[in-house]
Student: 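For reference, the structure I am asking about is given below.
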Amino acid sequence: MDVRTGLVVLLCLMGFTCADPVKFKDCGSTSASVSLVDITPCPTQPCQLKRGGSYSVNVTFSSGVKSDTSTAVVHGVIAGVPVPFPIPNEDGCKSGIQCPIQPQQLYHYVNTLPVKTEYPAIKLVVKWELRDDNKKDLFCIEFPVQIVS
């Protein structure tokens, strides 16, 4: 058990509320296997993202390929139309991943999802891709959210 997992277990045992992992759909991961998606704070599902708030997104995955770089691309999918969703740092190698990415290694990708105050209150699907050197998806996940006031 790694230190992070041990800390989560310890906090759960101490009586703190433990959020369930976020339910997600794989949308075309070609070079990785995603085992866990966690958004903090997200006490209910779909996650209710408050306008003006910022949320931590943690994706645990194992890679099937070597890649010197990784780049995140995020969209909000509204009525089937992908709309770019800017994040503060698109470089996966500066988001919890030590590059180069190696095959058969477990990684914890961590980034921030800011929700701008001008976003409308709406239900949508977030599509989050992490791309390798060749612009192919290491992973591609989708998860439902609701933007609230």
Side-chain angles (χ1 to χ4, degrees), residues 1-12 17-51 53-116 119-120 122-148:
M1 181 179 329
D2 67 35
V3 172
R4 184 174 183 271
T5 303
L7 181 59
V8 169
V9 170
L10 179 62
L11 291 175
C12 289
T17 303
C18 293
D20 291 329
V22 172
K23 292 180 175 80
F24 68 94
K25 179 179 116 181
D26 189 293
C27 54
S29 301
T30 57
S31 302
S33 174
V34 176
S35 56
L36 179 72
V37 176
D38 184 38
I39 299 172
T40 306
C42 177
T44 62
Q45 292 188 40
C47 292
Q48 294 195 356
L49 308 181
K50 190 171 182 173
R51 289 188 284 191
S54 189
Y55 298 82
S56 174
V57 176
N58 184 337
V59 180
T60 302
F61 71 98
S62 61
S63 179
V65 298
K66 181 182 184 302
S67 183
D68 292 323
T69 64
S70 61
T71 305
V73 178
V74 183
H75 289 88
V77 181
I78 303 167
V81 178
V83 177
F85 212 111
I87 57 174
N89 190 1
E90 296 175 350
D91 187 348
C93 298
K94 295 181 181 173
S95 300
I97 297 173
Q98 184 175 354
C99 290
I101 295 171
Q102 299 294 331
Q104 314 312 316
Q105 297 263 342
L106 189 65
Y107 293 94
H108 299 282
Y109 167 80
V110 181
N111 211 324
T112 302
L113 181 64
V115 181
K116 296 182 180 178
Y119 289 168
I122 189 172
K123 288 184 179 181
L124 68 141
V125 171
V126 173
K127 180 178 181 178
W128 203 298
E129 300 165 88
L130 188 65
R131 296 182 177 163
D132 66 13
D133 294 337
N134 300 313
K135 308 279 189 259
K136 292 185 180 177
D137 286 340
L138 286 164
F139 68 73
C140 177
I141 56 170
E142 293 178 334
F143 50 89
V145 299
Q146 181 174 7
I147 297 176
V148 297

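Heavy atoms only: backbone and side chains are in, while hydrogens, waters and symmetry mates are out. Residues take their numbers from the sequence shown, with the count starting at 1.
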Student: Taking side chain to side chain donor-acceptor pair (under 3.5 Å) as the test, write out the residues that go with Ser70, two or more places apart.
Tutor: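 For Ser70 there are no side chain to side chain donor-acceptor pair (under 3.5 Å) partners, ignoring immediate neighbours.
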
Student: For Ser67 and Ile101, indicate whether the former's side chain and the latter's backbone hold a donor-acceptor pair under 3.5 Å.
Tutor: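 No, Ser67 side chain to Ile101 backbone: no donor-acceptor pair under 3.5 Å.
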
Student: Over all heavy atoms of both residues, which pair between Asn111 and Pro88 is shortest? Give the atoms and the distance, please.
Tutor: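 Scanning both residues, the minimum pair turns out to be OD1-CD, 4.4 Å.
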
Student: If I take atom OG1 from residue Thr30 and atom CZ from residue Arg131, how far apart are they, to the nearest 0.5 angstrom?
Tutor: 10.5 Å

Student: Considering only distance and modelled atom types, tabulate donor-acceptor pairs under 3.5 Å from the side chains of residues 134-141, sequence neighbours left out.
Tutor:
none

Student: Got a donor-acceptor contact below 3.5 angstrom from the Arg51 side chain to the Tyr119 backbone?
Tutor: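 Yes, Arg51 side chain to Tyr119 backbone: donor-acceptor pair under 3.5 Å.
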
Student: Atom CG in Leu130, atom CD1 in Ile97: separation rounded to 0.5 Å?
Tutor: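 Going from the CG atom of Leu130 to the CD1 atom of Ile97 covers 5.0 Å.
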
Student: Drop me the distance from Asp132's CG to Ser63's OG, to the nearest 0.5 angstrom.
Tutor: 8.0 Å

Student: So which pairs with a foot in residues 23-50 pass ring-ring contact (aromatic ring centres under 6.0 Å, His included), sequence neighbours left out?
Tutor: none

Student: With sequence neighbours excluded, tell me which residues meet side chain to side chain contact (heavy atoms under 4.5 Å, CB included) with Lys123.
Tutor: Gln146

Student: Do Asp38 side-chain atoms and Pro21 backbone N/O form a donor-acceptor pair below 3.5 Å?
Tutor: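 No; judged by distance alone, with no hydrogens or angles, the pair does not exist.
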
Student: Just grab all the ring-ring contact (aromatic ring centres under 6.0 Å, His included) pairs involving residues 27-46, residues at least two apart or on different chains.
Tutor: none

Student: Show every side-chain hydrogen bond (donor to acceptor under 3.5 Å, both in side chains) that has at least one partner inside residues 72-92, sequence neighbours left out.
Tutor: none

Student: Check ring pair (Phe, Tyr, Trp, His ring centres under 6.0 Å) between Phe143 and all other residues, then give those that pass, not counting sequence neighbours.
Tutor: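 With neighbours one apart ignored, the set is empty.
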
Student: Please enumerate all residues that pass side chain to side chain contact (heavy atoms under 4.5 Å, CB included) together with Ser56, with sequence neighbours excluded.
Tutor: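 Side chain to side chain contact (heavy atoms under 4.5 Å, CB included) list for Ser56, sorted by chain: Thr40, Val110.
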
Student: Taking side chain to side chain donor-acceptor pair (under 3.5 Å) as the definition, give me every residue that meets it alongside Ser31, ordered by chain and number, with sequence neighbours left out.
Tutor: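 Applying side chain to side chain donor-acceptor pair (under 3.5 Å) to Ser31 gives none.
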
Student: Quick one: does Leu113's side chain get under 4.5 Å of Trp128's, heavy atoms only?
Tutor: yes

Student: Search all heavy atoms of Asp26 against all heavy atoms of Gly28 and return the closest pair with its distance.
Tutor: OD1-N, 2.8 Å

Student: Considering residues at least two apart in sequence or located in another chain, which fulfil the side chain to side chain donor-acceptor pair (under 3.5 Å) criterion with Ser54?
Tutor: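 If we apply the side chain to side chain donor-acceptor pair (under 3.5 Å) test to Ser54, skipping adjacent residues, there are no hits.
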
Student: Not counting sequence neighbours, which residues clear side chain to side chain contact (heavy atoms under 4.5 Å, CB included) with Gln102? List them please.
Tutor: Lys66, Pro100, Gln105, Tyr107

Student: Quick one: does any side-chain atom of Tyr109 pair with a main-chain N or O of Val57 as donor and acceptor, under 3.5 Å?
Tutor: no

Student: Apply side chain to side chain contact (heavy atoms under 4.5 Å, CB included) to residues Val115 and Lys50 and explain how you reach the verdict.
Tutor: CA-CA 7 Å; Val115 181; Lys50 190 171 182 173; over 6 Å; no

Student: Report yes if the side chains of Ile147 and Leu124 come closer than 4.5 Å at any heavy-atom pair, otherwise no.
Tutor: yes

Student: Flag the pair Val74 / Val126 as yes when at least one side-chain heavy-atom distance between them is below 4.5 Å, and no otherwise.
Tutor: yes

Student: Side-chain contact, heavy-atom cut-off 4.5 Å: Phe85 with Lys127?
Tutor: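 Side chain of Phe85 against side chain of Lys127, heavy atoms only: no contact under 4.5 Å found.
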
